[in-house]
Each structure stands twice: as C-alpha cells, then as structure tokens.
Amino acid sequence: MFMEPTETASIRTALAEGVTAWKPRALAMAQQIHALKEVSFEEVHSAGAAADLLAEGGFEVERGTGDLPTAFTATAGSGDLTVALCVEYDALPDIGHACGHNLIAGASVAAALALRPHVDELGITLKTIGTPAEEHGGGKALLLERGAFDGVSLALMVHPVQEGVTYNPAGTSAQAVGRYRAVFTGKAAHAAAAPHQGVNAADAAVLSQVAVGLLRQQIPGDHRIAMYVAEGGHVTNIIPERAVVEFECRAFTLKEFETLLERVRRCFEGAALATGATLAFEDTEPLYEPLIQDDALAAHWTEAMDVFGKDTSPSAGISGGSTDMGNISQVIPSLHPWLSIPGADVPIHSHAFAALADSPEAYAVMFEAATALAWTVAAAATTPTERARLIKAAYRRQTVTQEGTP
C-alpha cells in the first residue's frame, strides 16, 4: 500500500481531527480511571470504562481475554496487517496512579477511536488490547502466552515520565525484572526460657539483607536489587520460626539478570546456612524481559513529535524501570515511547507524580501522544517495505511437542 504525499497529509489531518472529536469522552475516561485507583487484576471498572468507550466507537469487544477478567480485546477491520494498541489501567497500592496509567489508557483509546474509521483504507486489523496488572502480575506476559497477541505485527503504547526526558525513544530500553519470595523456616522457642532451643528465622532475614547490602557495592551501576521483610515474627517472647522476604532483581540484559539473581540467591543461602534455617524460593510474578524499541516505528513517532515541537534529541537511554511490554517487544516489533509531562519535576511512583498525572498539562500531552500513535500506525501501514516487513513479523507462538519438535 502506498500513499501520495497529498494522501498522507489528508489521512494525518483526518486522524488528528478524530482524536479531537473523541477528546471529551477520552478525557472523562482517563480522569475516571485516575480516580478509581484500581490495582493489579482488580481493575474491573477501569477496564470496563475503556472497553465501553471502544464499543461505543464501533469496535467489537471481547471481555476477559486470556481468562483474565480485567483484560479485553476490541477489534476493528480485517486487513492483513494486524496492529495492537496496548491499554494499561492498573494503579499502585496506596499511592494511586503514580505511574500515569490513566494517561496510557487515554492515549491508546483515543488513538484507536481516531483510527477506527480508516482501518479499511489503511488495510489493517486494529486490536486495542486491555492489559491488566503491569505494575505487579505481568498481564502482558500472561496474555502473550495465552494467545492474545497471536498474529500481531506491531504493538504500540506510550508511558509517562518526568519532565525533561526526550520524546525520541530510539535506543532507549527498560530492565528485565524478576520478583521472588524467600521463605526461611526455623524453630519456635520461648525467647527467655529456652532461646537456645530455637532457630531464629528472622535472624536469617536480617543476615540476607546485610549480605545483599554489601553485594550492592560490587554490582554494575545499572543493576538494581530491592527487598523488604514481609513477615518476621509476631511477638517478642517467641523466637520467630518463619520469615518471608520479598525481593526483586533488575538488569538490562537477560544474561546480566541471571548472573545477578544467582548472586542474590547465594546471599539468602548463606543466611540460611549461618542460622540453621531452611530456605525455599518462590516466583511471585512472570519475568519481565528487556524492552526493545523498533527503530522504524521510533522514527515515525519522532517525526510526529517534531510536529508538536517536542524535544526529540537522541536519548542517553532510560536508567531504570521495567515493563511487561518488554515481553511483547521480544517477539513483536514494538514502540514504547516516553511521554514527558510538563512541570513534572518529581519521581514517578510518588504521591506528587500521581497528582500531576491528573493535571491539564498531562492530559494535553496525552492527546498529542494519541495523535502521534495514530500517525505512526498510518505511516507504518502505508510504507510498502515497512508494511511487508511487519506482516512477515506477525507473531506466531511455537508449540513444542513432547519430543521437542516445533
């Protein structure tokens, strides 16, 4: 499919007008999601608000995609190029939308509604996929495994960040992250009458924290370890027989991640050995894989943001953070650009950022992002070589037999 320059300008104008037409409804939805503050896998009303608006806009909506009650897929068109726009809407516990997922939802849904009248003209099948539990739970990873992204050729979304981050996503990434639970089991005893007969599981938790703290000075600067004691005893006169430590490890490559994880596990194992406690590890969430930005999609997005006068200078990369969009990007050409909120000079995952995610300035850039997403999809669909590349890249899960043959 190819468009003359005048046709390209025409479709871009039409898409921008489409975003404008849906602004009142998309804004109300984003504000509602911000107010709801529903956490991972509990986003019943948030997912419903997004799915209802897409149904109103002419999409065929399937709810409960992948057996996840708060996931959905809204589909329009039947072209041979399948596009996925990802919608996030989960909040953080206690702190609300301090990662701006209400803006992610607003941008993707507004872009989808603007694209809906043009799916046949662009020759696309447009899937707007509601992806729950990005903060904790790996909704996209689960949906990928369960077939929600089968046949998808390109996947897009945006993510809010602080002021001053370039709008050029080329070369940026996000870390792999794995989250785990370490359970120490000791032996209870009276803390005054017979402490020597106990095995203090809480001591093992403390030793593991000390060991990890010392390890931090000898890991690369872009690696991250975080942990907290979820359980460490209940009363002072009983030697704690059970202690639970929740922890996570992050690195920008899977090889580095695996090396880091092994070193951290040894800290826990040493603590168990020193105290005489036994130790068990549990995975608490799917592994989030590193994020890969598609260069061609990034170029289309950057060109669009130039129109809005945004800073699109080359990026030095994102220094931290993780997303389950990384799992999608490992198998599907993907775009996950950063949305710099004017005036947001505070860190994400803070109460102050949660307030700014509901500001007029944030919603203004949300609609610019919606337009840029729609323009990026149109550009990819109407560039013949790129369209052919993306159609060829359509994701197909490989089912492995018992003999190990795909």
Spacing of T131 atom OG1 and I328 atom CD1 [to the nearest 0.5 Å]: 8.0 Å
Salt-bridge contact R250-D222 (side-chain N to carboxylate O under 4.0 Å): no
Exam field: side chain T70 to backbone A47, donor-acceptor pair closer than 3.5 Å: no
Donor-acceptor contact below 3.5 Å, side chain T323 vs main chain M325: yes
Check: L68 and L143 side chains under 4.5 Å, non-hydrogen atoms: yes
Side-chain heavy-atom pair I341, E163 within 4.5 angstrom cut-off: no
Any donor-acceptor pair under 3.5 Å from R396 side chain to A393 backbone: no
Residue pairs, two or more places apart or on separate chains, that pass side chain to side chain donor-acceptor pair (under 3.5 Å) and touch residues 99-119: E88-H101, D90-H101, H101-E134, H101-E135, N102-Y363, H118-E121
Salt bridge (charged side-chain N to carboxylate O under 4.0 Å, His left out) involving E145 - partner list, sequence neighbours excluded: none
Which residues share a side-chain contact (heavy atoms from CB on, under 4.5 Å) with P169, sequence neighbours left out: T172, Q293, A298, W301, T302, L335, P337
Spacing of OG1 belonging to T371 relative to CE belonging to M366, to within rounding of 0.5 Å: 10.0 Å
Pair T376-E303, side-chain contact (heavy atoms from CB on, under 4.5 Å): steps then yes or no: CA-CA 9 Å; T376 299; E303 180 187 4; over 6 Å; no
From CA spacing to verdict: side-chain contact (heavy atoms from CB on, under 4.5 Å), L260, I219: CA-CA 8 Å; L260 176 63; I219 62 175; 4.0 Å; yes
Donor-acceptor contact below 3.5 Å, side chain S359 vs main chain A355: no
Partner residues of D150 under the side-chain contact (heavy atoms from CB on, under 4.5 Å) criterion, sequence neighbours left out: Y395, R397
Salt bridge (Lys or Arg N to Asp or Glu O under 4.0 Å) contacts in which one or both residues fall within residues 15-26, not counting sequence neighbours: R25-E56
Separation of L142 CG from T65 OG1 (nearest 0.5 Å): 12.5 Å
Any donor-acceptor N/O pair, Q175 side chain to T253 backbone, under 3.5 Å: no
Non-hydrogen side-chain atoms of P240 and N200 separated by less than 4.5 Å: yes
4.5 Å side-chain heavy-atom contact, N327 and K140: no
Side-chain donor/acceptor of H336 to backbone N/O of A155, under 3.5 Å: no
Flag side-chain contact, heavy atom, 4.5 Å: I124 against T82: no
Salt bridge (Lys or Arg N to Asp or Glu O under 4.0 Å) partners of residues 358-372, not counting sequence neighbours, each pair once: K310-E368
Side chains of L85 and L126 in contact at under 4.5 Å (non-hydrogen atoms): yes
CG on L53 to CG on L113, rounded to 0.5 Å: 5.0 Å
Set of salt bridge (charged side-chain N to carboxylate O under 4.0 Å, His left out) partners for E60, sequence neighbours left out: none
H97 (side chain) donor-acceptor with L92 (main chain) under 3.5 angstrom: no
D294 (side chain) donor-acceptor with S334 (main chain) under 3.5 angstrom: no
Trace of the side-chain contact (heavy atoms from CB on, under 4.5 Å) decision for I11 with L15: CA-CA 6 Å; I11 188 70; L15 291 170; 4.1 Å; yes
Distance (rounded to the nearest 0.5 Å) between C267 SG and R265 CZ: 12.0 Å
Nearest heavy-atom neighbours spanning F353 and P347: CB-O, 3.4 Å
Between S315 and T166, a side-chain donor and acceptor under 3.5 Å: no
Heavy-atom donor-acceptor pair, T275 side chain to D203 backbone, under 3.5 Å: no
Distance in Å, R387 CZ paired with S153 OG, rounded so as to fall on 0.5 Å steps: 9.0 Å
Neighbour count above 12 (heavy atom, 6.0 Å) for N237 CG: yes
side-chain contact (heavy atoms from CB on, under 4.5 Å) between I104 and H159, worked out: CA-CA 6 Å; I104 297 171; H159 197 292; 3.8 Å; yes
Residue pairs passing the salt bridge (Lys or Arg N to Asp or Glu O under 4.0 Å) test where at least one lies in residues 176-187, sequence neighbours excluded: R179-E248, R179-E285, R181-E246, R181-E282
For A352, side-chain contact (heavy atoms from CB on, under 4.5 Å) partners two or more places apart: V346, S350
Pairwise side-chain contact, F72 with I129, heavy-atom cut-off 4.5 Å (strictly under): no
Pairs where residues 160-183 contributes a residue and the test ring pair (Phe, Tyr, Trp, His ring centres under 6.0 Å) is met, not counting sequence neighbours: Y180-F247
Partners meeting side-chain contact (heavy atoms from CB on, under 4.5 Å) with E38 (sequence neighbours left out): L36, E43, V44, H45, S46
Side chain to side chain, D311 and S340, heavy atoms closer than 4.5 Å: no
Aromatic plane relationship, F268 with F281 - under 30° parallel, 30 to 60° tilted, over 60° perpendicular: perpendicular
Set of ring pair (Phe, Tyr, Trp, His ring centres under 6.0 Å) partners for F308, sequence neighbours left out: W375
